[in-house]
Amino acid sequence: SQWGEENLQALSIQEGEDVTMNCSYKTYTTVVQWYRQKSGKGPAQLILIRSNEREKRSGRLRATLDTSSQSSSLSITGTLATDTAVYFCATGNNYAQGLTFGLGTRVSVFP
Amino acid sequence: EAAVTQSPRNKVAVTGGKVTLSCNQTNNHNNMYWYRQDTGHGLRLIHYSYGAGSTEKGDIPDGYKASRPSQENFSLILELATPSQTSVYFCASGDAPLNQDTQYFGPGTRLLVL
């Protein structure tokens, strides 16, 4: 598997709180993408961070990438109820098409 | 905004029957993908395509065929459906070479094989 020990994790938080989710990967990657999947929908990309970047921000989102530890994190500040979803990290490299997805983190944001 | 549509959205099939899942994208993307999503496994790549006429095997191609007759359309074919192929199937498209950029996903097809 591309991924380290990982089960579908679940986090429950209140609106306004910040949340951080992590993923680790085993094999070489040149890019980590974070996707969000809302119930009954397909995944939608939130942010892409390349191996030569340590941090990437987009609005309330912040992604980090540590290639030495082969890990990435996604933080959401000031969560909203509409942030309720499953969040996936996905890796890609120069040697294969398609993305390799982790199992995801289910985030539930309560008003 | 990228637009990927899938049909049907829901399908019930019998074991041993043939199932065809269709995907259409209006973004003129070269690359298209089929994934399945199962609890405990996340999204797994079945087949992908670099353009019209091309199909490549992904990580779990057994029991599936793919067809890319045009830039816009990419089909997934289950010649002899089995209950283990009950899943949610997602099509995606993208235009960057070698998996370096955003993939745009369709809404999914829920398949139940009885």
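Just so it is clear: chains get the letters A, B, ... in the order the sequence lines come, proteins before strands, and each one is counted from 1.
- Within residues 37-47 of chain A, the residues approaching chain B closer than 4.5 Å by heavy atoms are, in numerical order, A:Gln37, A:Gly40, A:Lys41, A:Gly42, A:Pro43, A:Gln45.
- Atom OG1 of A:Thr100 is separated from atom CG of B:Leu45 by 8.0 Å, given to the nearest 0.5 angstrom.
- Criterion: ILVMFWY side-chain heavy atoms under 4.5 Å apart, direct or through other members. Under it, A:Met21 and A:Leu61 are part of a common hydrophobic cluster.
- Heavy atoms from other residues, nucleotides or ligands lying under 6.0 Å from CZ of A:Arg54 number 12 at most.
- Annotation: the span from A:Leu99 atom CG to B:Tyr35 atom OH amounts to 4.0 Å, rounded to 0.5 Å.
- Considering CG of B:Asp38 and CG of A:Leu103, their distance stands at 11.0 Å, rounded to 0.5 Å.
- Within a 6.0 Å sphere centred on CZ of B:Arg110, heavy atoms belonging to other residues, nucleotides or ligands number 12 at most.
- For B:Gln37, the part sitting under 4.5 Å from any heavy atom of chain A is the side chain, from C-beta outward, and nothing else.
- Residue pairs satisfying the salt bridge (Lys or Arg N to Asp or Glu O under 4.0 Å) criterion with at least one member in residues 55-82 of chain B, sequence neighbours excluded, are listed as follows: B:Lys65-B:Glu79.
- Residues B:Leu111 and B:Ile60 share a hydrophobic cluster, clusters being chains of Ile/Leu/Val/Met/Phe/Trp/Tyr side chains in contact below 4.5 Å.
- Both B:Phe90 and B:Tyr33 are assigned to one and the same hydrophobic cluster, defined by single-linkage of ILVMFWY side chains at heavy-atom distances under 4.5 Å.
- Every side-chain contact (heavy atoms from CB on, under 4.5 Å) that A:Ser68 has, sequence neighbours left out, goes to A:Asp66.
- In terms of the ring pair (Phe, Tyr, Trp, His ring centres under 6.0 Å) criterion, residue partners of A:Tyr35 (sequence neighbours excluded) are, by chain and number, A:Phe101, B:Phe105.
- The two atoms that bring A:Leu48 and B:Thr102 nearest to each other are CD1-N, 4.3 Å, heavy atoms only.
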